[in-house]
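Take a look at the structure set out below.
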Amino acid sequence: MKPIFKGVRGAPDILPGEVGRWQRVEAEARRILQDYGYQEIRTPIFERTELFVRGIGEGTDIVEKQMYTFEDRGKESLTLRPEGTAPVIRACLEHHLLTRGGLYKVYYTGPMFRHERPQAGRFRQFHQIGAEAIGVEDPALDAEVLDLLCHLFDTLGVSGWKLHLNSIGDEACRPVFREQFTRYVQAKKEKLCPDCRVRLERNPLRILDCKEEGCRSLVAQAPSPLESLCKDCKTHFHRLQELLGLLKIDYSVNEHLVRGLDYYTRTAFEFVNPALGAQNAIAGGGRYDRLVDEMGGPPMPGIGFAIGMERLLISLPQEEQGEMWIGVFAATLGKEASQLALQIVQGLRRQGVRASLDLEGRSLKSQMRLAHKERYRYTLILGDEELKTGLATLKDMAKGDQEQIPLREVVNRLVSQESRGRAE
RNA sequence: GUGAGCGUAGCUCAACGGUCAGAGCACUGGACUGUGGCUCCAGGGGUUGAGGGUUCAAAUCCCUUCGCUCACCCCA
């Protein structure tokens, strides 16, 4: 027997055995986001293609080669969302959520889609928890956002994470720097690696990030990105660093940190887990002070981040599977007993007790094994003898002892016993 | 998109080109006529990813293809 179908490459199933971890992390993240004043927003997983092209930027890798784009029946070009910020801004503008003009904070969770070659920590469908804080330019907001992420990672027990921080300038100084940098590198382009020669044409600032020795030394002599910032950007960045000191948040400035989405301005950051392999960013984000404006809204600054769920999850300490030992399994012998058990189990479930019984005609031994394997705290044994005497046998699977209890009291006894069992 | 490595039972892995492809775990049953875990015994499970080739003989060597994995790229 071979299955006929396989899942789509890069789009893994999340199986019952791992869903618990997802739920716990999502719950913790939601709690913290709410503590910091964020409300949840849910946007569709697809949008008009144009939203992403305009929002993320035409020349970016995402738009150029990673989008899942298709035509719907009305011949409209739609795209499975590759990121969350553009849809959120779109929704905020469409529903006039920013009209009050003050600070507006929302978060989202869910799947994102990018057509890349899968590898460790990289998928075609992956999941993000993201947040956007719109309407405030003050670096105190940047600090707050970074604090939120530190707090979340520490709470979850991510060990060894590092915060990389940079400022990539704004519409005033970035083009100037880009111009200077490109001119410098252009003059010495024979020292560049082949990849960087391509970058020079397409996206010169990426050269800052190259790992090749030749490129690195060239970059080291080139104009410094941070020193090329305009006065306002410098002030913003310095103030942010002061505030991070105040909040005792560890970070390292990495002036070669470049972001792959065009909308970022000023603050750019990445939370990295060095233990992870090549794809080691567990969260990333930054400021986008022009994006709202560019999307047809009022000029409003903003900052956001996205956490990669899959990468976050593998960064978490192994939690040992806590043995549950909860609930009641009704093991039966014979048809009559089986019917009685069905009623008892129904009653227990209605009282909120985890309860089950055999529906496969298993032997008693096999039912016991099943009860043990599925970690039921009690097994209620019902057979001819119990029906005759009106006393059911109740076995405590954790302790191993058993007692007789009157059939008519079974549900009530188990409900109270079960709540005591849980408390232990 | 480019490169490398790997595909054997549900899972983890064995098998110098040479008997009928094995083991552990898991599963089912028994020892225990109505009692889980521990132990022992037995049993079911495989087109060796697929297709072709070399050979007296292929899980093993070669080619093709698909899949997985890792890396480049890029990012969460």
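B:C20 is unpaired under the Watson-Crick or G-U wobble criterion, no partner having all donor-acceptor distances under 3.5 Å. B:U47: no Watson-Crick or G-U partner with both key distances under 3.5 Å is found in any strand. Across all strands shown, nothing is found opposite B:C32 as a Watson-Crick or G-U wobble partner with both distances under 3.5 Å. The partner of B:C70 is B:G3, judged by Watson-Crick or G-U wobble contacts that both fall below 3.5 Å. The nucleotide B:C25 finds its pairing partner in B:G10, both defining distances of the Watson-Crick or G-U wobble pair being shorter than 3.5 Å. The nucleotide B:C61 finds its pairing partner in B:G53, both defining distances of the Watson-Crick or G-U wobble pair being shorter than 3.5 Å. Under the Watson-Crick or G-U wobble criterion, with both distances below 3.5 Å, B:C38 has no partner in any strand shown.
Among the protein residues, A:F123 comes within range of the nucleic acid bases, having at least one heavy atom under 4.0 Å from a base atom. At a threshold of 4.0 angstrom between heavy atoms, the contacts of A:G121 include nucleobase atoms, whether or not backbone atoms are also involved. Residue A:K65 is out of contact with every strand shown, counting any heavy-atom pair closer than 4.0 Å. Backbone-only engagement by A:A283 is indicated by non-hydrogen atom pairs under 4.0 Å involving sugar-phosphate atoms exclusively. Residue-level contact check: A:S366 touches the backbone only, with heavy atoms under 4.0 Å from sugar-phosphate atoms and none from bases. Looking at heavy-atom distances under 4.0 Å, A:I282 makes contact with sugar-phosphate atoms alone, never a base. Across all strands shown, A:G285 has no heavy atoms under 4.0 Å from either base or sugar-phosphate atoms.
A:D262 places its CG atom 14 Å from the C1' atom of B:C74, with the value rounded to the nearest Å. Between A:R362 atom CZ and B:G30 atom P there is a gap of 12 Å when expressed in whole angstrom units. As rounded to whole Å, 16 Å separates atom P of B:U35 from atom CG of A:L370. Atom CZ of A:R124 is separated from atom P of B:A76 by 18 Å (rounded to the nearest Å). Between A:K6 atom NZ and B:U65 atom P there is a gap of 17 Å when expressed in whole angstrom units. B:U35 atom C1' lies 17 Å from atom OH of A:Y378, rounded to whole Å. Rounding to whole angstrom units, CD of residue A:E26 and P of B:A76 are separated by 19 Å.
Of all the heavy atoms in A:L226 and A:S167, the pair that sits closest is CD2-O, 3.9 Å.
Closest contact between the side chain of A:A278 and the listed nucleotides B:A76, B:G29, B:C72 involves B:C72. Taking the side chain of A:Q128 as heavy atoms from C-beta on, and the options B:G34, B:A76, B:G36, the nearest nucleotide is B:A76. Among the nucleotides B:G34, B:A76, B:C32, the one closest to any side-chain atom of A:D384 is B:G34. Across B:G34, B:C72, B:A76, the shortest atom-to-atom separation from the side chain of A:R114 is found for B:A76. Looking at the side chain of A:E386, the nearest of the listed nucleotides B:G34, B:A76, B:C74 is B:G34. The side chain of A:K395 has B:U35 as its nearest neighbour among B:U35, B:A76, B:C72. When the nucleotides B:C72, B:G37, B:A76 are ranked by their closest atom to the side chain of A:Q119, B:C72 comes out on top. When distances run from any side-chain atom of A:T393 to the nucleotides B:G37, B:G34, B:C74, the shortest one goes to B:G34. Comparing B:G36, B:A71, B:U28 by their nearest atom to the side chain of A:R117 picks out B:A71.
OP1 or OP2 of B:G30 has not a single side-chain nitrogen or oxygen of A:K365 nearer than 4.0 Å. A:R199 has a side-chain polar atom (N or O) that falls below the 4.0 Å cut-off from OP1 or OP2 of B:C74. Phosphate contact (OP1/OP2 of B:C27, side-chain N/O of A:K373, threshold under 4.0 Å): present. Distances shown here put a side-chain N or O of A:R9 below 4.0 Å from the OP1 or OP2 atom of B:C68.
Using cut-offs of 30° and 60° on the angle between ring planes, the pair A:Y36 and A:H151 is tilted.
A:E132 and A:K105 are not joined by a salt bridge, as no carboxylate oxygen comes within less than 4.0 angstrom of a charged side-chain nitrogen. At a threshold of 4.0 Å, the pair A:E94-A:R90 counts as salt-bridged, since one of the basic side-chain nitrogens sits closer than that to a carboxylate oxygen.
Comparing the P positions of B:C6 and B:G17 gives an interatomic distance of 15 Å, to the nearest angstrom. Rounded to whole Å, the C1' atom of B:A31 lies 16 Å from the corresponding atom of B:G36. A gap of 11 Å separates the C1' atoms of B:A23 and B:A15, to the nearest Å. Only the C1' atoms considered, B:U33 is 29 Å distant from B:A26, to the nearest whole Å. Rounded to whole Å, the P atom of B:C27 lies 22 Å from the corresponding atom of B:C32. The separation of B:A58 from B:G53, taken at their P atoms, amounts to 12 Å, rounded to a whole angstrom. Rounded to the nearest Å, the gap between the P atom of B:C20 and that of B:C63 is 29 Å. Comparing the same atom, P, in B:G43 and in B:A4 gives a spacing of 47 Å after rounding to whole Å.
A donor-acceptor contact closer than 3.5 angstrom links the side chains of A:Q241 and A:Y251. Using modelled atom types and a 3.5 Å distance limit, the side chains of A:Q128 and A:T109 yield no donor-acceptor pair. Using a 3.5 Å distance cut-off with no hydrogens or angles, the side chains of A:E50 and A:S77 do not pair a donor with an acceptor.
The residue among A:M309 and A:Y376 whose nearest nucleotide of RNA chain B is located toward the 5' end is A:Y376. Comparing A:V8 and A:E385 by the nucleotide of RNA chain B whose heavy atom lies nearest to each, the residue mapping closer to the 5' end is A:E385.
Rounding to the nearest 0.5 Å places CZ of A:R24 at 10.0 Å from CG of A:L313.
Between the base of B:U35 and the side chain of A:Q367 there is no donor-acceptor pair shorter than 3.5 Å. The base of B:C73 lies close enough to the side chain of A:R122 for a donor and an acceptor atom to sit less than 3.5 Å apart.
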| message | Could you walk me through whether A:Y68 and A:R114 satisfy the side chain to side chain donor-acceptor pair (under 3.5 Å) test, starting with their C-alpha distance in whole Å, then the side-chain angles of each, then the deciding distance to 0.1 Å, before giving a yes or no? | response | CA-CA 7 Å; A:Y68 277 96; A:R114 292 183 200 171; over 6 Å; no
